[in-house]
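For the numbers below, each heavy atom of this structure counts, side chains included, while hydrogens, waters and symmetry mates do not. Ligands are counted one by one from 1 in listed order, and the atoms in each one are counted from 1 as well.
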Amino acid sequence: MAGALEIREIQGLCASPGVAVGTVHLAVEVAADALPPGDSPAADREKLRRAVAAAIAELKALVGRSDEESAGILDFQIEMLLDPVLVEMAEERILAGDGAALAWVAALDHYIAGIEEASDEQLRARAADVVDIRNRVLGALTGRAPEDFAPGSVFVGKDLQPSLFLAHDWTAGGGIVLFDGSIASHVAMLARSRSVPMIVATGRFEVADGARLLVDAKEGRVVIAPEEARIREAKSRMAEARPAEPPRAGGTIETADGVAIRLSAIINDPLEFGSIDPSLFAGIGLMRTEFLMTSPTDAFNEERHYEIYRQALRWAGDAPVIVRMLDLGGDKTLPDLGARKSESFMGLRGIRLLLARPELARLQARALLRATAHGRLGVLLPMVTVPDELDAMSTIFEEELAVLVRRGVQTRMPEIGMMVEVPAAALMLDRFSRSAFFSFGTNDLAQYLAAAARDDRSVAELYDAAAPAICRLIAGGVALADAMKRPVGICGEMASEPRHIPALLAAGLRNFSVAPNRLADIRSAIGGLYSDGLPRRRRAE
Ligand code: PEP
Ligand code: MG
């Protein structure tokens, strides 16, 4: 019987613990696939022409509502857009394989840089107008409103994009149930850091939009049309399991034999600054920036980057803040950002994509360099495989630093370190002499070592079973880093899992970046162990 009040239970896997009760928001499944990141050059050209036309129409409407002076400025912008030169420059890049948005931004940035270098003061002053034009057309190209849903409801669907998660207001509660998905996916990580209950891998099930749902995430259980007693029972179980507040010890804890372990925070979203106490952490060990830039408009907005980095440094005070450069590609793509070739985890991802799109790398480098004036900023490079990549990015920082210094901007060179998440790099840390520090990214290291994709639940067991191999690889890497006298730590999810802590200590790690809501558990796990990973009790016997 398929009656509306029929109670049904579906079993999945817990991706983020907690209990949520709400009405179902059933995802529209075409959303992600209907927006291919790159089209054919002909389609991209057409898309660009339409966006330019839309921008001109917007400007004309604005002229009608403006005073004489403003109208003059807007008229100038309209003239620029009507001039085919700008569009033709972008079209050349489209023919070379860029998506419409990237081609437009890259062409305009090149043009803007030329204007900024002009000796004529009047011409230089026009640069701001061109920036405005660039952003207006970019907005028309990418300004699709995401399919948001009512606060407090439970998202049910095949998968959920990180950008949609970030655009949603979770303050009213709610949860996530995915037919597919994986506990190692980025959206799962975001859910854990925001304490949004989430269940994955339920398999497809029938449920009506608007039905009432209980998400008992710790148990991996979804209940359709739950009884009140069932909801009360799940909520009281959750309240009992809540960990005690960790002591405020500035982010260090000693093992049973007195070895200090540093605990830094992983930050995925600036909203977290409002709810996390900085005195509990030794700063930020990993700040992911790709989640902060949910559209190409954001990704290419230097001021937005700069403001967020400043905010992080303000939050951390005297403690270090390690900001990771954009790790786009894999499951973290931006429409139109050349993501076409980088769908694969093995493709154009992380530093590979940044070096293939140097406009973006330079923009982020500038924002990071400017932010060094506000605290102890370090830069972390994602997906480094060979030393040449590190050298190329260091050169970009040096060049951008020189430009900023010439302009009189207060800045300095930050320490630049690398993620260790590709086995070819993990085995050869001694070759990366330019890296100021190393951070093991076990989420990716596991998938590349076990040849088991982190977002494929059919191989989730293999992904998990790679833990001993990872720890052996880490131990070798720690020995190399120690010999180089370079700090080494871990920022993968393994460090937020108490069951892995003994092996990670035994591998020699002393710097852990953890998900803030796992801090109490990790502190108590470390406090019960010797620095070689053996438990207090066993030594005493
Ligand atoms: C990792 O790979 O362990 C990591 C921290 O990076 P991300 O999960 O963002 O790929
Ligand atoms: Mg990674």
> Side chains of Leu280 and Arg523: does their closest heavy-atom pair fall under 4.5 Å?
Replying inline: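 No; the side chains remain at least 4.5 Å from each other.
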
>> Given Glu302, which partner from the list Arg362, Gln364, Arg370 fulfils the side chain to side chain donor-acceptor pair (under 3.5 Å) test?
In response: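 The passing option is Arg370.
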
> Which protein residues have a heavy atom closer than 4.0 Å to any atom of ligand 1, listed by chain and number?
Replying inline: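 Ligand 1 pocket, heavy atoms under 4.0 Å: His186, Met189, Leu286, Arg288, Arg324, Asp327, Lys332, Arg349, Met419, Glu421, Gly441, Thr442, Asn443, Asp444, Arg454, Cys491, Gly492.
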
> Restricting to pairs with a member in residues 178-188, which pass salt bridge (charged side-chain N to carboxylate O under 4.0 Å, His left out), not counting sequence neighbours?
Replying inline: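 Sorted result for residues 178-188: Asp180-Arg457.
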
> Would Glu493 and Thr442 satisfy side chain to side chain contact (heavy atoms under 4.5 Å, CB included), going step by step from the backbone distance to the final call?
Replying inline: CA-CA 7 Å; Glu493 290 277 300; Thr442 48; 5.7 Å; no

> Using 4.0 Å as the upper bound for N to carboxylate O, is an ion pair formed by Arg454 and Glu421?
Replying inline: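 No, this pair does not count.
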
> Any ion pair linking Asp318 and Arg376 (charged N to carboxylate O, less than 4.0 Å)?
Replying inline: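 So Arg376 does not pair with Asp318 through a salt bridge.
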
>> Donor-acceptor pair, distance only, cut-off 3.5 Å: does the side chain of Ser435 make one with the backbone of Met418?
In response: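 It does hold such a pair.
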
>> Suppose the cut-off is 2.8 Å; which protein N/O/S atoms would you list for the Mg ion (ligand 2)?
In response: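 Glu421 OE1, Asp444 OD2, with waters left out.
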
>> Please report whether the ring centroid of His500 lies less than 6.0 Å from that of Phe512.
In response: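 No, the ring centres sit 6.0 Å or more apart.
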
> Residues in salt bridge (Lys or Arg N to Asp or Glu O under 4.0 Å) with Arg412, at least two apart?
Replying inline: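 With neighbours one apart ignored, the set is empty.
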
